[in-house]
Undergrad: 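Before I ask anything, here is the structure I am working with.
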Amino acid sequence: MRSIRISAPAAGLLAAAALLLTFGGPAPQSSLGAGTVSAASAEADTAQTGSPYISTHLYFGTGRHDGHPPITDEEFDKFIADVVTPRFPAGLTLQEGRGQWRDKDGDINRERSYELTVMYPVREARARNADIEYIRRLYCTMWELESVGREDVRSQVDF
């Protein structure tokens, strides 16, 4: 069995947590003369803000196989303009990053990547799922890639 190593800063944090559990935390707000707000009421206030949405994050790599050159910024921008924007005209967010993943042959690939975020009301999830899956399949087909990562997060959204 592998041993777990804890760095010095992590060990200090663990010791501080143990002290807090043993002796208690800071003085409660009520003893300081401030009004208290329960966690439940703060959570209820937050839950009332906005509407239920799904935030979908797609992770696009730009590296290609078999000696083909990486997908260029111009090619990726054209894909967004021609394929994604018509399906999500209300808006999207695109962030450039550096990705890493293990391919089907077990090789670790490092590449320039993009994270695309689109948000839509929960009631539109079925229709939007078809759009998102189309985008993923087309991107892989166009450039002979293995996958486009997907993450869906339920959230409360207000614009």
Undergrad: Which atom names give the shortest non-hydrogen contact between Gly61 and Ser113, and what distance separates them?
TA: CA-CB, 4.3 Å
Undergrad: Go through the steps to decide whether Val84 and Leu58 satisfy the test side chain to side chain contact (heavy atoms under 4.5 Å, CB included), and finish with yes or no.
TA: CA-CA 11 Å; Val84 179; Leu58 298 179; over 6 Å; no
Undergrad: Decide yes or no on side chain to side chain contact (heavy atoms under 4.5 Å, CB included) for Tyr139 and Val83, but give the supporting numbers first.
TA: CA-CA 9 Å; Tyr139 190 81; Val83 178; over 6 Å; no
Undergrad: Please verify the inter-ring angle class for Phe88 with Tyr120; under 30° counts as parallel, over 60° as perpendicular, anything in between as tilted.
TA: tilted
Undergrad: Determine, step by step, whether Trp143 and Phe60 satisfy the side chain to side chain contact (heavy atoms under 4.5 Å, CB included) criterion, reporting the C-alpha distance in whole Å, the side-chain angles of both residues, the deciding distance to 0.1 Å, and the verdict.
TA: CA-CA 11 Å; Trp143 286 294; Phe60 296 91; over 6 Å; no
Undergrad: Looking at Arg87, is its backbone amide N or carbonyl O close enough to the side chain of Arg128 to form a donor-acceptor pair, meaning the two atoms are under 3.5 Å apart?
TA: yes
Undergrad: Thinking salt bridges, do Glu96 and Arg112 make one under a 4.0 Å N-O criterion?
TA: yes
Undergrad: To the nearest 0.5 angstrom, please state how far the CD atom of Glu144 sits from the CG atom of Asp66.
TA: 7.5 Å
Undergrad: Between Thr85 and Ile80, is there a donor-acceptor pair closer than 3.5 Å when you use the side chain of the first and the backbone of the second?
TA: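 Between the backbone of Ile80 and the side chain of Thr85 there is a qualifying donor-acceptor contact (under 3.5 Å).
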Undergrad: Taking Asp105's backbone N and O only, do any of them form a donor-acceptor pair with Asp103's side chain (distance below 3.5 Å, no angle check)?
TA: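 Yes.
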Undergrad: Below 4.0 angstrom, N of the basic side chain to O of the carboxylate: do Arg136 and Glu133 qualify?
TA: yes
Undergrad: Between Asp152 and Arg150, is there a donor-acceptor pair closer than 3.5 Å when you use the side chain of the first and the backbone of the second?
TA: no
